[in-house]
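In what follows, a structure is listed as C-alpha cells, so that the remarks can point back to it.
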2 protein chains.
Amino acid sequence: MPKRDHLLLRLAVDLVILTVRDDALQVLTITRANEPFRGQAALPGGFLREGEDLLQAAIRELHEETGLDGHRLYLEQLHAYGEPGRDPRGRIVSVAYLALMPDLPLPTAGSDASSAAWTPVAKAAGLAFDHDEILAGGVERARSRLEFQTLATAFCGDEFTIGDLRNVYEVVWGQRLDPRNFNRKVLGTDGFVEATGGKRMPEVGRPAALYRAGGATVLNPPILRTDKHG
Amino acid sequence: MPKRDHLLLRLAVDLVILTVRDDALQVLTITRANEPFRGQAALPGGFLREGEDLLQAAIRELHEETGLDGHRLYLEQLHAYGEPGRDPRGRIVSVAYLALMPDLPLPTAGSDASSAAWTPVAKAAGLAFDHDEILAGGVERARSRLEFQTLATAFCGDEFTIGDLRNVYEVVWGQRLDPRNFNRKVLGTDGFVEATGGKRMPEVGRPAALYRAGGATVLNPPILRTDKHG
DNA sequence: TCAAAAGTGTTGCTTATACACCCATGT
DNA sequence: ACATGGGTGTATAAGCAACACTTTTGA
C-alpha cells in the first residue's frame with residue numbers, strides 16, 4: 001500500500017462561542033500567545049487528545065477557555081475544514097463547534113492567564129487562520145437554527161421574559177420583530193417556554209412575566225426570517 | 001508541551017451516495033475486501049492524502065468507487081465522526097459526505113474489480129464500522145434538503161418530467177404527494193425547473209412536458225413534509 | 001370508449017401580518 | 001397624566017390542501 005494512503009495529521013477543535021451582549025451578537029475570541037499569528041485574535045480551540053471524542057474535546061476546550069461547564073451549554077458540530085494550507089504549522093484538520101451561551105461573567109475572565117474576550121461579530125474580521133470563514137459559518141448556523149429550533153433560550157439565563165427572547169431574535173437576525181405577534185408565536189408553541197410564575201420589573205413600563213426554557217427542541221411552526229431569501 | 005497535545009491520526013472520507021432506483025431510495029455500498037469487517041457491507045471511502053482538501057478527497061473517492069465525475073454531482077459535507085473506538089485499525093476520524101445522483105449505470109459496475117452495489121436504504125442495516133449511523137445522518141439530511149432546496153433535480157437525469165421529480169420526493173420522504181398541487185408548487189417556483197420544450201410518452205397516459213434543472217438553489221416557498229414534526 | 005397519467009380551476013380552511021386597543025408600572 | 005414596555009383582540013390577506021374537472025395519449 002502506497003505511503004500516501006497513510007497521511008498522518010493532527011486534528012484541532014475550534015469553537016464559535018456566541019452570546020448576546022449589549023444588544024449585539026458577540027463571539028468569544030482569544031489573543032494568540034504563540035506563533036503563528038502571535039498577538040492576533042482567533043477562535044479558541046485546541047488539539048484532539050488520545051482517547052477523546054470530538055464532542056468531548058469541544059467540551060474540554062470550552063472549559064479550559066471559559067471555565068464554563070460545556071455539558072450545560074448548547075453545543076453542536078458545525079463543519080470540518082481541511083484545506084492543506086490552512087495552518088502554517090503543518091497538516092491540521094479542524095472540526096468547528098458552535099456553542100451558545102447567556103451573557104454570564106466568564107469565570108476565567110480578568111485573570112492574567114486568560115486572554116478571552118467578547119467581540120461583536122460585526123467587527124470580528126481579520127481572525128487568524130481561516131477563522132473568519134469558520135465564524136461566518138457558525139453565525140449563519142445560529143441564525144438558521146433560531147427559525148426551526150427553540151434554542152434561542154440558550155442565549156438567555158435560567159429565567160427570562162418574552163421580551164428578552166425577542167431581543168435575542170432581533171439581535172441575531174439584525175431585524176425588528178413585532179412584539180405582539182412574537183409573543184403569541186412563542187406562547188402558542190407547546191414546550192418552547194414555561195411560566196415560572198414570577199415577574200420582572202423593567203426600568204420603565206409594565207412588569208413582564210418570567211419563563212424558563214421548555215422541553216421542546218423543534219419549533220413547529222417555525223419562526224421565519226422574512227428576508228431569508230436572497 | 002505534553003505529548004498528548006500532539007496526537008497523530010488518520011483522516012478518512014466516507015461517502016453516502018444516494019439515488020432513487022426502482023422506486024426506492026438506495027445507497028451505494030461496497031463489500032469490504034480486507035480486514036476489519038472483511039466481506040461485510042460498508043460505505044465507500046478512503047484516507048485523506050497529502051496536499052488534498054477534504055472535498056477533493058471526496059471527489060476522488062467517488063470517482064474511484066463509481067467511475068463518475070464527482071464535479072458534476074451534488075456533494076456536501078455531512079458530519080465528522082471521531083469516537084476513539086470507531087475503527088479497530090486505530091485512531092481514525094471520518095468526515096462523511098453526501099452525494100446525490102441519478103440512476104445511471106455505474107461505469108465500474110460489472111467489472112470484477114468493483115464490489116459496489118446499490119442497496120435499498122430500508123434494508124441497509126448492519127454496515128461496517130459506524131456506517132449505519134453515518135447513513136442515517138445522510139438520509140435525514142437529504143430528506144430535509146428536499147424541503148428547502150431544489151436539489152431533488154440531482155436525483156434526475158438531464159431531462160425529467162414533473163412526475164419524475166414528484167417520484168423523487170415520494171420515494172425519499174416515503175410519503176404520497178398530490179400530483180396536482182405538486183405540479184403547481186414546482187412550476188410556481190422561479191428557477192426550480194425550466195421547460196426544454198420536449199415531451200415524453202409514458203407507457204400509458206398523456207405525454208408529459210420535459211424540464212431540466214433551473215438555476216435556483218433555495219426553494220421559496222419550501223415544500224414541507226407534513227409529518228415532519230414528531 | 002376506456003384507463004391512466006398530465007395538467008387547470010376553484011373552494012374553503014388555516015396562517016400570518018398589521019395594527020387597534022387595553023394593562024401595569026415609574027415618574 | 002403620560003411615557004414605556006407588556007399583552008390581547010381582530011380584520012385582511014396570503015397560502016395551502018382537497019378535489020372537481022379537462023386534456024392527451026395507447027389499447
Side-chain angles (χ1 to χ4, degrees), chain A residues 20 23 146-148 152 156 159-171 173 175-190 192-212 218-229, chain B residues 20 23 146-148 152 156 159-171 173 175-190 192-212 218-229:
Chain A
V20 170
D23 286 339
L146 290 202
E147 295 187 295
F148 303 103
C156 300
E159 292 197 330
F160 51 87
T161 68
I162 304 293
D164 293 339
L165 200 62
R166 177 167 48 83
N167 188 55
V168 167
Y169 273 86
E170 292 185 338
V171 165
W173 285 352
Q175 180 183 133
R176 303 297 275 182
L177 298 174
D178 186 309
R180 300 158 292 190
N181 292 334
F182 183 82
N183 224 289
R184 246 168 321 185
K185 280 184 186 175
V186 171
L187 297 180
T189 302
D190 288 346
F192 194 169
V193 297
E194 47 193 42
T196 66
K199 291 199 179 303
R200 181 198 295 166
M201 303 298 166
E203 295 178 5
V204 57
R206 172 176 169 176
L210 285 170
Y211 297 86
R212 58 175 150 260
V218 275
L219 200 43
N220 171 241
I223 301 179
L224 297 173
R225 288 178 279 182
T226 52
D227 60 348
K228 182 182 176 188
H229 331 286
Chain B
V20 170
D23 287 339
L146 290 203
E147 295 187 294
F148 303 103
C156 299
E159 291 198 331
F160 52 88
T161 68
I162 304 293
D164 293 339
L165 200 61
R166 177 168 47 84
N167 189 245
V168 167
Y169 273 86
E170 292 185 337
V171 164
W173 284 352
Q175 181 183 131
R176 303 297 272 183
L177 298 174
D178 186 309
R180 300 157 291 189
N181 291 335
F182 183 83
N183 222 288
R184 245 166 324 183
K185 280 184 187 174
V186 171
L187 296 181
T189 302
D190 288 345
F192 195 169
V193 296
E194 47 192 42
T196 65
K199 290 198 179 304
R200 181 198 294 164
M201 305 296 167
E203 295 178 4
V204 58
R206 169 177 171 174
L210 285 171
Y211 298 86
R212 58 176 151 260
V218 275
L219 199 42
N220 171 240
I223 301 179
L224 297 172
R225 290 179 277 183
T226 53
D227 62 349
K228 182 183 174 187
H229 333 284

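Because the structure is a prediction, the values reported are computed rather than measured. A note on names: the letters A, B, ... follow the listed sequences, proteins ahead of strands, and every chain is numbered from 1.
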Checklist entry - If you look at every strand shown and take non-hydrogen atoms under 4.0 Å, does B:P221 touch a base, only sugar-phosphate, or nothing? => result sugar-phosphate
Checklist entry - In whole Å, what is the span from the CZ atom of A:R225 to the P atom of C:dA16? => result 17 Å
Item to check | N/O donor-acceptor pair, side chain B:N183 with base C:dA6, under 3.5 angstrom | outcome: no
Item to check | Of the listed nucleotides D:dG7, D:dC19, C:dA18, the one nearest the side chain of B:D178 | outcome: D:dC19
Checklist entry - Are the side chains of A:F160 and A:V193 in touch, meaning some heavy atoms are under 4.5 Å apart? => result yes
Next on the checklist: Can you measure B:L187 atom CG to C:dG9 atom C1' for me and round it to whole angstrom units?
Outcome noted: 15 Å
Checklist entry - B:R200 near the nucleic acid: base, sugar-phosphate alone, or nothing, with a heavy-atom cut-off under 4.0 Å? => result nothing
Checklist entry - Heavy-atom distance under 4.5 Å between the side chains of B:E147 and B:W173, does that happen here? => result yes
Next on the checklist: Under 3.5 Å, is there any donor-acceptor pair linking the side chain of B:R206 to the base of C:dA5?
Outcome noted: no
Checklist entry - Are A:I223 and A:F192 side-chain neighbours, meaning at least one heavy-atom pair lies under 4.5 Å? => result yes
Checklist entry - Is any side-chain heavy atom of B:N181 less than 4.5 Å from a side-chain heavy atom of B:L177? => result no
Checklist entry - A:K185 side chain N/O closer than 4.0 Å to the phosphate oxygens (OP1, OP2) of C:dT17? => result yes
Checklist entry - How long is the line joining CG of A:N167 and C1' of D:dG5, in whole Å? => result 13 Å
Checklist outcome for this item: Judged by nearest nucleotide, the residue sitting upstream toward the 5' end of DNA chain C, A:P202 or B:R166, is B:R166
Checklist entry - For the pair made of CG in B:L177 and P in C:dA6, what is the distance, rounded to whole Å? => result 13 Å
Item to check | Gap between atoms CZ and C1', on A:R176 and D:dG5 respectively (whole Å) | outcome: 12 Å
Checklist entry - Would you say the base of D:dG9 and the side-chain of A:R184 have a donor-acceptor pair closer than 3.5 Å? => result yes
Checklist entry - Is the backbone of A:A152 close enough, under 3.5 Å, to the side chain of A:Y169 for a donor and an acceptor to pair up by distance? => result no
Checklist outcome for this item: Assign each of A:Y211 and A:G205 the nucleotide of DNA chain D bearing its closest heavy atom; nearer the 5' end lies the nucleotide of A:G205
Checklist outcome for this item: Closest of D:dA17, D:dG7, C:dG7 to the A:A209 side chain is D:dG7
Item to check | Distance in angstrom units between A:M201 CE and D:dG6 P, rounded | outcome: 13 Å
Checklist entry - When the distance from CZ of B:R180 to C1' of C:dA5 is rounded to whole Å, what number comes out? => result 12 Å
Item to check | Length of the NZ-P vector between A:K199 and C:dG26, whole Å | outcome: 13 Å
Checklist entry - How is A:P207 classified with respect to the nucleic acid when contacts are heavy atoms under 4.0 Å: base, sugar-phosphate, or nothing? => result sugar-phosphate
